There are 2 protein chains.
Amino acid sequence: MEDGTSKALGYCTGTEDDQARQWDVRADCDVRQILDRVADKWSLLVIALLDRRKMRFTQLRRAVDGVSQRMLTVTLRHLERDGLVRRTVYPVVPPRVEYELTPLGISLHEVITSLVIWTEEHQQEISAARSDYDEKAASEEHELQPAVG
Amino acid sequence: MEDGTSKALGYCTGTEDDQARQWDVRADCDVRQILDRVADKWSLLVIALLDRRKMRFTQLRRAVDGVSQRMLTVTLRHLERDGLVRRTVYPVVPPRVEYELTPLGISLHEVITSLVIWTEEHQQEISAARSDYDEKAASEEHELQPAVG
DNA sequence: CAGTATCCCTTTTGATACTG
DNA sequence: CAGTATCAAAAGGGATACTG
């Protein structure tokens, strides 16, 4: 689980009969590594929290608040390994460790922001689509079971 | 599992002592729904494949190729529910079902593209960071176990 | 404080078999 | 063809206990 590079990505074998897409299938293989990081349950929160400031472990733990100690550690290690976060250890008696975004991390943060903005702008449409879908799915069921209520 | 709106998102409770971040913590709750869709192992591939053309179920299944029948169905249902993909059933003898992006789906596709581009542009840096991290992690271990090689 | 190690439960995913 | 249903395997993630 610690090694993001060795996982099998079944669909990485390129087939060139597929000229319509503009993303290279092979590019997806690389993209996946980052997407998995972005998509990670906690990574996004940590990146957002670390925007323009350093934070200590416990400080992050409280800020994210739903996260377990284990998952925060795992998340931070992944981000550090990918060069998105820098970890600084101060060799003092009560250990002090600070986390901050690297330039690469800041740059990713900006890109993710555009995705976040898109989501905010289209949230209404998505909610509407969901309600619509759920309603229709419900009436489909009524066709099979007309006498429920 | 079919209901993306009811899942618990532990970190959604907003604490306002946190003025540095520019994303609203509550926004993350909504954002998560979409991010989960974007981040999904197969969604991205399907959206990419559906760019500017209709495709049938089996056609998609072969194009994605690593995907199981079940996962493709689940993925398509999610995308359909979110209003990103339109599903059209032709009531003919061998069933014919076509999938295509909605305008909303096209719009998301464009935003995701910027993320894909970012990844392609920074892939080298990330790989380098990983090698660096792994190398350092390896030598840390040698400090504990000096006689290995 | 800032972790690591372990156990265990939940969710996700894949394989297989069956159907309109 | 385009699914649904079911079951088993695997990964993800939390709680707890321990450590430099």
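Fair warning: this is a prediction, and the values are worked out from it, not measured in the lab. Below, read A as the first sequence line, B as the second, and so on, with proteins coming before strands; counting in each chain starts at 1.
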A.B. asks: Do any side-chain nitrogens or oxygens of A/R87 fall under 4.0 Å of OP1 or OP2 in C/dA2?
C.D. replies: no
A.B. asks: Which base, if any, makes a Watson-Crick or G-U wobble pair with D/dG20, both distances under 3.5 Å?
C.D. replies: C/dC1
A.B. asks: Please check if atom CZ in A/R61 has more than 12 non-hydrogen atoms from other residues, nucleotides or ligands closer than 6.0 Å.
C.D. replies: yes
A.B. asks: In this structure, how many angstroms lie between the C1' atom of D/dG12 and the NE2 atom of A/H78, rounded?
C.D. replies: 11 Å
A.B. asks: Do other residues, nucleotides or ligands put more than 12 heavy atoms under 6.0 Å from B/R77 CZ?
C.D. replies: yes
A.B. asks: Measuring from the side chain of B/V97 (C-beta onward, heavy atoms only), which nucleotide among C/dT13, D/dA2, C/dG3 has the closest atom?
C.D. replies: D/dA2
A.B. asks: What is the distance, to the nearest angstrom, from the CG atom on B/L76 to the C1' atom on D/dG3?
C.D. replies: 11 Å
A.B. asks: Base contacts versus sugar-phosphate-only contacts with protein, heavy atoms under 4.0 Å: please encode nucleotides 15-20 of chain C as B, S and - from 5' to 3'.
C.D. replies: B-B--B
A.B. asks: Roughly how many Å is it from CG in B/L72 to C1' in C/dG14, rounded to a whole number?
C.D. replies: 13 Å
A.B. asks: Rounded to whole Å, how long is the line connecting atom CG of B/D40 with atom C1' of C/dT13?
C.D. replies: 11 Å
A.B. asks: How many angstroms lie between atom CD of B/E80 and atom OG1 of B/T75, to the nearest 0.5 angstrom?
C.D. replies: 12.5 Å
A.B. asks: Between the side chain of B/S107 and the main-chain N/O of B/P103, is any donor-acceptor distance below 3.5 Å?
C.D. replies: no
A.B. asks: Could you state the atom-to-atom distance from CE of B/M55 to P of D/dC1 in whole Å?
C.D. replies: 14 Å
A.B. asks: Would you mind reading off the distance between B/L45 atom CG and C/dT13 atom P, rounded to a whole angstrom?
C.D. replies: 14 Å
A.B. asks: Looking at C/dG14, I'd like to know if its phosphate oxygens (OP1 or OP2) sit under 4.0 Å from a side-chain N or O belonging to B/W42.
C.D. replies: yes
A.B. asks: Looking at D/dA8, which nucleotide sits across from it as a Watson-Crick or G-U wobble partner, both distances under 3.5 angstrom, or is there none?
C.D. replies: C/dT13
A.B. asks: Is there side-chain contact between A/W118 and B/L108, with at least one heavy-atom pair below 4.5 Å?
C.D. replies: yes
A.B. asks: Using a 4.0 Å heavy-atom cut-off, does B/Y99 contact any base of the nucleic acid, only the sugar-phosphate backbone, or nothing at all?
C.D. replies: sugar-phosphate
A.B. asks: Say whether, by atom type as modelled, one donor and one acceptor occur between the side chain of B/S114 and the main chain of B/E110 under 3.5 angstrom.
C.D. replies: no
A.B. asks: Given side chains that start at C-beta, do those of A/I106 and A/R52 come closer than 4.5 Å, heavy atoms only?
C.D. replies: no
A.B. asks: Please report the distance, rounded to the nearest Å, between CG in B/D36 and P in C/dT13.
C.D. replies: 11 Å
A.B. asks: Report the distance from atom NZ of B/K54 to atom P of D/dC1, rounded to the nearest whole Å.
C.D. replies: 20 Å
A.B. asks: Taking the side chain of B/M71 as heavy atoms from C-beta outward, which of C/dC1, C/dT13, D/dC1 is closest to it?
C.D. replies: C/dT13
